[in-house]
Amino acid sequence: MATPPSPDVPVSLTVTHVLAQLMERLDHSAVPVDAHQYRSVAARLADALRAAPPGAALSALLETHPAAAELYENLNYQHAGLCRSPLDRSLAAETGARELISKARQHPEQGTLHGQN
């Protein structure tokens with residue numbers, strides 16, 4: 001039986017909250033998770049997050065469910081970048097990506113497997 005949502009979760013976020021809990025369980029499962037099941041939950045959670053009203057309740061839900069927060073951030077990347085990630089981690093990721101792209105441009109032959117085409 002599913003755990004009922006916390007009393008402070010608004011009715012409009014109840015389904016989102018349950019899906020976020022399920023996503024966390026799948027992400028931390030000790031046994032392998034069926035890929036179709038994972039994709040199904042992720043797709044439903046993505047739809048619920050797109051429809052979720054912004055505000056304190058959504059922010060609280062995302063704070064307590066890291067998998068849902070990561071999905072939310074990916075859904076909104078084109079508008080806000082890595083808005084929910086700590087700034088230092090986001091900056092390090094961007095800097096690393098820039099360095100890697102720069103190296104790849106300097107040595108295009110290394111972009112293939114073992115320098116072979």
Side-chain angles (χ1 to χ4, degrees):
M1 188 161 121
T3 305
S6 304
D8 59 338
V9 175
V11 174
S12 62
L13 289 178
T14 300
V15 171
T16 310
H17 186 253
V18 171
L19 288 167
Q21 287 177 322
L22 181 55
M23 182 67 106
E24 287 298 324
R25 278 193 272 165
L26 292 174
D27 270 2
H28 297 7
S29 176
V31 297
V33 176
D34 179 69
H36 177 70
Q37 179 186 18
Y38 190 90
R39 281 192 305 269
S40 176
V41 171
R44 290 178 185 207
L45 179 56
D47 290 342
L49 288 171
R50 283 186 195 99
L58 178 60
S59 291
L61 185 147
L62 296 174
E63 287 295 323
T64 57
H65 298 87
E70 187 173 347
L71 181 58
Y72 179 82
E73 190 171 64
N74 287 332
L75 292 170
N76 293 289
Y77 184 82
Q78 72 276 15
H79 303 295
L82 299 174
C83 60
R84 298 199 55 82
S85 294
L87 184 57
D88 57 338
R89 195 171 75 187
S90 299
L91 183 58
E94 183 176 344
T95 302
R98 287 177 188 261
E99 289 171 1
L100 186 60
I101 291 168
S102 177
K103 286 179 184 178
R105 286 184 178 153
Q106 292 171 3
H107 305 289
E109 70 280 353
Q110 292 179 354
T112 59
L113 184 61
H114 303 294
Q116 300 170 0
N117 288 329

Checklist entry - Listed by chain and number, what are the side chain to side chain donor-acceptor pair (under 3.5 Å) partners of Arg39, not counting sequence neighbours? => result none

Checklist entry - Crowded around Glu70 CD? As in, over 12 foreign heavy atoms under 6.0 Å? => result no

Checklist outcome for this item: Nearest heavy-atom contact between Val41 and Leu22 is CG2-CD2, 3.5 Å

Item to check | Closest non-hydrogen atom pair, Leu45 against Met23 | outcome: CD2-CB, 4.0 Å

Item to check | Heavy-atom closest pair, residues Leu71 and Ala42 | outcome: CD2-O, 3.6 Å

Checklist entry - Is the closest basic N to carboxylate O distance between Glu99 and Lys103 below 4.0 Å? => result no

Next on the checklist: Leu58 vs Tyr72, test: side-chain contact (heavy atoms from CB on, under 4.5 Å). Steps then yes/no.
Outcome noted: CA-CA 10 Å; Leu58 178 60; Tyr72 179 82; 3.9 Å; yes

Checklist entry - Where do Arg98 and Ser102 land on the side-chain contact (heavy atoms from CB on, under 4.5 Å) test, with the steps shown first? => result CA-CA 6 Å; Arg98 287 177 188 261; Ser102 177; over 6 Å; no

Checklist entry - Can you list every salt bridge (Lys or Arg N to Asp or Glu O under 4.0 Å) pair that touches residues 47-60, not counting sequence neighbours? => result Asp47-Arg50

Next on the checklist: Within this structure, what is the CD-OG distance for the pair Glu63 and Ser59, rounded to the nearest 0.5 Å?
Outcome noted: 7.0 Å

Item to check | side-chain contact (heavy atoms from CB on, under 4.5 Å) between Leu49 and Leu19, worked out | outcome: CA-CA 10 Å; Leu49 288 171; Leu19 288 167; over 6 Å; no

What pairs of donor and acceptor atoms, side-chain ones from residues 26-34 against any protein atom, are under 3.5 angstrom apart with sequence neighbours left out?
unit_1: Asp27; atom_1: OD1; unit_2: Tyr38; atom_2: OH; d: 2.6
unit_1: Ser29; atom_1: OG; unit_2: Val31; atom_2: N; d: 3.2
unit_1: Ser29; atom_1: OG; unit_2: Val31; atom_2: O; d: 2.8
unit_1: Asp34; atom_1: OD2; unit_2: His36; atom_2: N; d: 3.2
unit_1: Asp34; atom_1: OD2; unit_2: Gln37; atom_2: N; d: 3.0

Checklist outcome for this item: Contacts of Pro53 meeting side-chain contact (heavy atoms from CB on, under 4.5 Å) (sequence neighbours excluded), chain-then-number -> Ser12, Leu13

Item to check | Nearest non-hydrogen partners of Glu24 and Pro66, listed with the distance | outcome: OE2-N, 3.0 Å

Checklist entry - Can you tell if the side chain of His65 reaches within under 4.5 Å of the side chain of Gln21, non-hydrogen atoms only? => result yes

